[in-house]
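Remarks on the structure that follows.
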Amino acid sequence: MKTSNLINLIMLVCVACACQPSARELLRGQVRQSLIKVNETWQAKHMDPERAFWHQAAYQTGNMAAYRATEDQQYLDYALKWANQNQWKGAQSDDTLNWKYSYGETPDYVLFGDWQICFQVYAELYDIDPAPEKIARARSVMEYQMSTDNNDYWWWVDGLYMVMPVMTKLYAITGNELYLEKLYGYYSFARDLMYDNKTGYFYRDAKYIYPKHQSNAGLKDFWARGNGWIFAGFPRVLEDLPVSDPHREEYIQTYQKLAAALKESQQPGGYWTRSILDPEHAPGPETSGTCFFTFGFLWGINNGLLDSDTYLPVVEKSWNFLTTEALQKDGTLGYVQPIGERAIPGQVIDKNSTADFGVGAFLLAASEYLKYLDEK
């Protein structure tokens, strides 16, 4: 073969190799495709975005992450439709004398955190296109709440995801230091009530504290989705919390300790069971907790708070479960435990078990994975 022909052949081979996508590029494409498939499937089946209660709002927190990751106007329009439909409010009552914060779904439970998570989304929509009316209700509700002497507003672990980021997002917009002071006061009450320092996990609420409540095997019963709420909540708080905040390091250390505990309790199939320490209590995979954990690990890796070599293998296993078992061919996200507050023995969840909050958690995880793949 002539030297010139050999050189041409080598150049063609090199060009062909250069055109082949890398493993990272292939993975990025798969993550993006999964995000789009899950979100567009959900929105196509739910044209009416419904009320501003916790589970619809939790979906919207993921939808907003998906919008930032893809810049797909359809996702932003869906969030705006939901916000406008709900008049940029949570619970609708304007009578402050009757506002409550125990569990309730009626318009007077304005101070109940499940009606306040929507304010996170409204704040994000405000950041995109500032208009005072978008956060007027959020500010009036939270500033009324902060004017009271009560600190027991967050008495269930889910509430830490629902409202902690509201406080930091409104601080970022207003500069009002009281948001950060009250954030720590409310969090401290919740921590003292539900945090198990020995294991690093959180109980769902006071009803489930050991030994009053135990798993079937007599173990401490830590609910996966409950710990998912707080493990995803810490990153969303830390994103907006000033570096100078005196309590920042405590939040980080609690988050890191929870990460270490969760790493050890991941099942060989990549998922977490509903009762974290007792897999036989409610056996089988569960997607919502697994999604929140995946997001939490990725955020920590992306922000230098979790070691990549230690935690990326955890993510790789959980993502494999999410996309090969939980994600169905038609775009449905399965194995999501229905609305509840604990791991229920005998409760069946399968590939058809789905829910808006589970989809939102998946979108958070996928969006954060895209950040990792873009930055490396």
Side-chain angles (χ1 to χ4, degrees), residues 54-55 58 103 155-162 190-191 193-234 254-255 257-297 314-315 317-322 324-327 333-355 357-359 361-362 365:
W54 72 268
H55 50 97
Y103 182 91
W155 46 266
W156 75 118
V157 73
D158 316 32
L160 300 180
Y161 180 89
M162 309 305 169
R191 177 202 62 208
L193 180 67
M194 295 177 284
Y195 183 57
D196 184 66
N197 187 62
K198 186 173 183 180
T199 62
Y201 293 115
F202 284 77
Y203 292 104
R204 195 275 176 176
D205 62 53
K207 299 191 299 294
Y208 298 103
I209 295 176
Y210 183 89
K212 179 174 66 175
H213 172 82
Q214 303 176 24
S215 74
N216 283 349
L219 303 175
K220 293 179 178 180
D221 187 15
F222 297 112
W223 184 40
R225 186 159 69 237
N227 281 273
W229 288 123
I230 181 58
F231 193 57
F234 278 130
T254 306
Y255 159 74
K257 186 172 181 177
L258 181 52
L262 288 168
K263 175 182 179 295
E264 297 305 315
S265 59
Q266 185 181 32
Q267 298 301 300
Y271 56 82
W272 282 261
T273 52
R274 285 163 276 176
S275 182
I276 295 176
L277 296 184
D278 187 355
E280 297 306 313
H281 181 83
E286 200 286 310
T287 294
S288 62
T290 299
C291 286
F292 281 130
F293 298 150
T294 304
F295 163 72
F297 284 122
V314 178
V315 168
K317 289 195 295 183
S318 64
W319 185 255
N320 183 65
F321 159 73
L322 291 173
T324 63
E325 294 187 50
L327 178 54
L333 187 70
Y335 297 98
V336 178
Q337 184 187 3
I339 290 174
E341 61 179 43
R342 64 188 177 94
I344 303 173
Q347 183 184 42
V348 175
I349 62 171
D350 58 26
K351 65 181 183 180
N352 299 310
S353 305
T354 193
F357 54 86
V359 171
F362 180 89

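Note that the coordinates shown come from a computational prediction; the quantities given were computed from them, not determined experimentally. Numbers here simply count residues along the sequence, with the first being 1.
- The CD1 atom of I209 sits 5.0 Å away from atom CG of L193, with the distance rounded to the nearest 0.5 Å.
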Quick one, Y271 with F293, criterion side chain to side chain contact (heavy atoms under 4.5 Å, CB included). Give me CA distance, side-chain angles, the key distance, then yes/no. CA-CA 9 Å; Y271 56 82; F293 298 150; over 6 Å; no

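- Side chain of D278 to backbone of L219: no donor-acceptor contact under 3.5 angstrom is found.
- Using bins of under 30°, 30° to 60° and over 60° for the plane-to-plane angle, the ring pair Y255/F234 lands in the perpendicular bin.
- Contact record, Y208 with R342: OH-CD, 3.3 Å, taken as the closest heavy-atom pair.
- With no hydrogens or angles considered, no side-chain donor-acceptor pair links Y335 and T290 at under 3.5 Å.
- Atoms CZ and OG, on F295 and S318 in that order, are 13.0 Å from each other to the nearest 0.5 Å.
- Across all non-hydrogen atoms, the minimal contact from A206 to K212 is O-NZ, 3.1 Å.
- Ring pair Y161/F292 is tilted by interplanar angle, where 30° to 60° counts as tilted.
- Side-chain atoms of T354 come within 3.5 Å of backbone atoms of L333 as a donor-acceptor pair (strictly under, hydrogens ignored).
- Using modelled atom types, one side-chain atom of H281 and one backbone atom of A343 make a donor-acceptor pair closer than 3.5 Å.
- Atom CG of residue L160 and atom CH2 of residue W155 lie 11.5 Å apart, to the nearest 0.5 angstrom.
- When atom types are taken as modelled, the side chain of Y201 and the backbone of A261 share a donor-acceptor pair closer than 3.5 angstrom.
- If you take CZ on F202 and CD1 on I276, they are separated by 11.5 Å, rounding to the nearest 0.5 Å.
- To the nearest 0.5 Å, atom CG of residue D196 and atom NZ of residue K220 are 3.5 Å apart.
- A donor-acceptor pair is defined here as one N or O able to donate and one able to accept, closer than 3.5 Å; no such pair exists between the side chain of K207 and the backbone of H213.
- The structure places OG1 of T254 at 8.5 Å from CD1 of I230, a figure rounded to the nearest 0.5 Å.
- Between the side chain of R274 and the backbone N or O of W223 there is no donor-acceptor pair closer than 3.5 Å.
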Take K257 and Y195, measure what side chain to side chain contact (heavy atoms under 4.5 Å, CB included) needs, and give me the verdict at the end. CA-CA 12 Å; K257 186 172 181 177; Y195 183 57; 3.4 Å; yes

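- Nearest heavy atoms, R204 versus D158: NE-OD1, 3.4 Å.
- Side chains of S215 and S275: no donor on one and acceptor on the other come within 3.5 Å.
- The minimum heavy-atom distance between G218 and Y210, with the atom names listed, is O-CE1, 3.4 Å.
- With ring centers used as reference points, F231 lies under 6.0 Å from F297.
- In this structure, T273 and Q267 approach most closely via the heavy-atom pair CG2-CG, 4.0 Å.
- The closest donor-acceptor contact from the side chain of W272 to the backbone of L262 lies under 3.5 Å.
- Distance alone, capped at 3.5 Å, places no donor-acceptor pair between the Q266 side chain and the V315 backbone.
- Here the closest non-hydrogen pair linking H55 and I339 is CD2-CD1, 3.9 Å.
- Counting heavy atoms of neighbouring residues, nucleotides and ligands inside a 6.0 Å radius, atom NZ of K317 exceeds 12 of them.
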